A.B. asks: 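Mind having a look at this structure? Questions to follow.
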Amino acid sequence: MSTILITGASSGLGAEMARQFAAKGHDLALCARRTERLETLRDEIVAAAPERRVELRALDVNDDAQVFDVFRAFRDDFGRLDRVIVNAGLGKGAPLGTGRYDANRETAMTNFVAAIAQAEAAMEIFRAQDAGHLVLVSSMSAMRGMPKSMTVYAATKAALSHLGEGLQYELLGKPIKVTVLHCGYIASEMNEKVQQQVKFMVSTEDGVRSMVDAIEKEKAHAYVPPLPWTALAPLMKHAPLPILKRLL
Ligand SMILES: NC(=O)c1ccc[n+]([C@@H]2O[C@H](COP(=O)([O-])OP(=O)(O)OC[C@H]3O[C@@H](n4cnc5c(N)ncnc54)[C@H](OP(=O)(O)O)[C@@H]3O)[C@@H](O)[C@H]2O)c1
C-alpha cells in the first residue's frame, strides 16, 4: 500500500487512475479545480473500499504557490507521499497565427510550466524522503511536431517528456524513480468531440488500465495502450512528413 497524489483527478484519466489505484489498495491525495467532482469521486471510491483514505484539495496548477502548498499539505496529511502523478492538462490549442494566442499560451502554461512547478514540488518531497516515484502524463504527440490545433500541445508534451528524461538521467541508480507515459487516444472529456473521428481510440477504463500497469511496474517510459502505439512510435518519430500525414 502506498500514497499517491494525482493532479487533474476531477475527470478523465486522472479520475479513472484514482478508481483503479484505490481498487489496488493505495491511498489517494486528489486535486483539481472542480472540487465537487472530487467529492463525488471520493464518495464513490470509499463506498467501494471503505478502508481507503482519500484526501482532497482544490488546486489550480497554474498558481505556483498553491502547487507547493497543496503538495506539502498532502505530504503532512499522510506523513509521506510515495508517488506523484503530474496529470493535469489541457488540449485547447489553435493553429498558430489565427488569433488564439490566448488558448495556445494557456495550453503551454498548464501543460508545461505548471508541470515544472508540480515536478519541483514533488521532487522537493522525494529528495527529503530519499524515495518516491514521479509520473509524468505525456502523449504520443510528443514524438513529432503536430499540425494545427495540436502544434503547441505537442510541443508542450515533447518538453514534458524531456523534463522526465533529464530527471531519469540525473537519478539513474538512485531510489527516486521517474516514469514518462506516452498516451495514445484514450476517451476523456478532452477528446469527447472527436472520439468518433480519430483512429485507435480506446475506452477510459482500458487505456487507464495500461497506464496503471506501466506505473506500478515503475517503467522509465511506456506507450499506452501498448498496441498500436509501441509499433507506431518509431514511425511517428522518423517517417517523412507526407507519409506521417497519411498515417495519422
Ligand atoms: N485522453 C487522451 O487521449 C490523452 C492522450 C495523451 C495525453 N493525455 C493527457 O492526459 C492528461 C489528462 O487528460 P484527460 O484526457 O483526462 O482530459 P480531461 O478529462 O479534460 O481532464 C483534464 C484534467 O486536468 C485538470 N486541469 C486542467 N487544467 C487545470 C488547472 N489549471 N489546474 C488544475 N487542474 C487542471 C482538470 O481538472 P479541473 O478542470 O477540475 O481543474 C481535469 O481533471 C492530460 O495531461 C492530457 O494531456 C490525454
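Since the structure is predicted, the reported quantities are computational estimates derived from the model, not experimental observations. Note that these values count all heavy atoms, side chains included, but never hydrogens, waters or copies made by symmetry. Count residues from 1 along the sequence. Just follow the structure's listing: the first ligand is 1, and inside any ligand the first atom is 1.
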A.B. asks: Provide, to 0.1 Å, the distance between atom 42 (C) of ligand 1 and the closest protein heavy atom, together with that atom's residue and name.
C.D. replies: Ser11 OG, 3.4 Å
A.B. asks: Indicate the atoms forming the closest heavy-atom contact of Thr110 with Gly89, along with that distance.
C.D. replies: CG2-CA, 4.2 Å
A.B. asks: Just wondering, are more than 12 heavy atoms of other shown residues or ligands nearer than 6.0 Å to CD in Glu55?
C.D. replies: yes
A.B. asks: With a cut-off of 4.0 Å, which atoms of ligand 1 are near a heavy atom of Glu189?
C.D. replies: 19 (O), 20 (O)
A.B. asks: Look only at the side chain of Lys92 and the backbone of Arg105, and say whether a donor-acceptor pair between them is shorter than 3.5 Å.
C.D. replies: no
A.B. asks: Provide, to 0.1 Å, the distance between atom 12 (C) of ligand 1 and the closest protein heavy atom, together with that atom's residue and name.
C.D. replies: Asn87 OD1, 3.2 Å
A.B. asks: Is there a side-chain contact between Arg19 and Val208, using heavy atoms and a 4.5 Å cut-off?
C.D. replies: no
A.B. asks: Are any of the side-chain heavy atoms of Glu124 and Phe71 separated by less than 4.5 Å?
C.D. replies: no
A.B. asks: Please confirm whether Leu13 comes within less than 3.5 Å of ligand 1 when only nitrogen or oxygen atoms on both sides are compared.
C.D. replies: yes
A.B. asks: Determine yes or no for a side-chain-to-main-chain donor-acceptor pair under 3.5 angstrom, with Arg144 supplying the side chain and Met236 the backbone.
C.D. replies: yes
A.B. asks: Name the closest protein heavy atom to atom 22 (C) of ligand 1, giving the residue it belongs to and the distance to 0.1 Å.
C.D. replies: Gly89 O, 3.6 Å
A.B. asks: Pull out every atom of ligand 1 sitting under 4.0 Å from any heavy atom of Tyr185, numbered as shown with elements.
C.D. replies: 3 (O)
A.B. asks: Please work out whether any backbone atom (N, CA, C, O) or any side-chain heavy atom from C-beta onward of Asn191 is under 4.0 Å from ligand 1, and answer side chain, backbone, both or neither.
C.D. replies: side chain
A.B. asks: Please compare Ala58, Ala88, Ser10 and report which has the shortest non-hydrogen distance to atom 35 (C) of ligand 1.
C.D. replies: Ala88
A.B. asks: Would you call Asp76 and Arg72 a salt bridge, using N to O less than 4.0 angstrom?
C.D. replies: no
A.B. asks: Flag the pair His221 / Ser138 as yes when at least one side-chain heavy-atom distance between them is below 4.5 Å, and no otherwise.
C.D. replies: no
A.B. asks: Decide if atom CD of Glu36 counts as having more than 12 heavy atoms of other residues, nucleotides or ligands within a radius under 6.0 Å.
C.D. replies: yes
A.B. asks: Has the side chain of Ser10 got a donor or acceptor atom that lies under 3.5 Å from a matching backbone atom of Leu38?
C.D. replies: no
A.B. asks: Taking side-chain hydrogen bond (donor to acceptor under 3.5 Å, both in side chains) as the criterion, tell me which of Glu189, Gln195, Lys193 meets it with Asn191.
C.D. replies: Gln195
A.B. asks: Applying a heavy-atom cut-off of 4.0 Å, say which part of Thr110 lies close to ligand 1: side chain, backbone, both or neither.
C.D. replies: side chain
A.B. asks: Decide whether an N or O pair under 3.5 Å exists between Ala32 and ligand 1.
C.D. replies: no
A.B. asks: Donor-acceptor pair, Gln20 side chain versus Glu205 backbone, under 3.5 Å?
C.D. replies: yes
A.B. asks: Return yes or no for this condition: an N or O of Ala187 is under 3.5 Å from an N or O of ligand 1.
C.D. replies: no
A.B. asks: Going by the order shown, which atoms of ligand 1 are within less than 4.0 Å of some heavy atom of Ser139?
C.D. replies: 6 (C), 7 (C)
A.B. asks: For ligand 1, is there an N or O atom under 3.5 Å from any N or O atom of Asp60?
C.D. replies: yes
A.B. asks: Polar contacts were defined as any N/O atom of the residue lying under 3.5 Å from an N/O atom of the ligand; does this apply to Leu90 and ligand 1?
C.D. replies: no
A.B. asks: Quick test: of every protein heavy atom, which one is nearest to atom 4 (C) of ligand 1, and how far off is it to 0.1 Å?
C.D. replies: Gly184 O, 4.0 Å
A.B. asks: Is it the case that the side chain of Thr204 and the backbone of Ala187 share a donor-acceptor pair, with hydrogens and angles ignored and the cut-off at 3.5 Å?
C.D. replies: yes
A.B. asks: Taking the side chain from Thr7 and the backbone from Asn87, do they hold a donor-acceptor pair closer than 3.5 Å?
C.D. replies: yes
A.B. asks: Is the shortest N/O to N/O distance between Gly8 and ligand 1 below 3.5 Å?
C.D. replies: yes
A.B. asks: To which protein heavy atom is atom 8 (N) of ligand 1 closest, and what is the distance rounded to 0.1 Å?
C.D. replies: Tyr153 OH, 3.6 Å
A.B. asks: With heavy atoms only and a cut-off of under 4.0 Å, state how Ser138 meets ligand 1: side chain, backbone, both or neither.
C.D. replies: backbone
A.B. asks: With a 4.0 Å cut-off on heavy atoms, is Gly207 in contact with ligand 1?
C.D. replies: no
A.B. asks: If you look at every heavy atom in Thr35 and Ala58, which pair is closest and at what distance?
C.D. replies: CG2-CB, 3.5 Å
A.B. asks: Out of Met190, Met17, Glu16, who is nearest to atom 17 (O) of ligand 1 when you count heavy atoms only?
C.D. replies: Met190
A.B. asks: Show the atoms of ligand 1 that are less than 4.0 angstrom away from any heavy atom in Asn62.
C.D. replies: 31 (N)
A.B. asks: With salt bridge (charged side-chain N to carboxylate O under 4.0 Å, His left out) as the test, would you mind laying out the steps for Arg100 and Asp102 before giving the verdict?
C.D. replies: CA-CA 5 Å; Arg100 290 306 313 275; Asp102 61 330; 2.9 Å; yes
A.B. asks: Give the atom numbers and elements of ligand 1 that come within less than 4.0 Å of a heavy atom of Cys183.
C.D. replies: 5 (C), 6 (C), 7 (C)
A.B. asks: Give me the nearest non-hydrogen protein atom to atom 15 (O) of ligand 1 as residue plus atom name, then the distance to 0.1 Å.
C.D. replies: Ser188 OG, 2.6 Å
A.B. asks: Could you tell me whether Met140 approaches ligand 1 through its side chain, its backbone, both or neither, with non-hydrogen atoms closer than 4.0 Å?
C.D. replies: neither
A.B. asks: Any atom of ligand 1 sitting under 4.0 Å from a heavy atom of Lys157?
C.D. replies: yes
A.B. asks: Kindly identify the option in Met109, Arg33, Arg37 whose heavy atom sits closest to atom 41 (O) of ligand 1.
C.D. replies: Arg33
A.B. asks: What protein heavy atom sits nearest atom 2 (C) of ligand 1, and how far off is it?
C.D. replies: Ile186 O, 3.4 Å
A.B. asks: From Arg52 CZ over to Leu28 CG, what is the distance, rounded to the nearest 0.5 angstrom?
C.D. replies: 8.0 Å
A.B. asks: Which one of Thr156, Val137, Thr107 has a non-hydrogen atom at the shortest distance from atom 10 (O) of ligand 1?
C.D. replies: Val137
A.B. asks: Return the closest protein heavy atom for atom 33 (C) of ligand 1 as residue, atom name and distance.
C.D. replies: Leu59 O, 3.2 Å
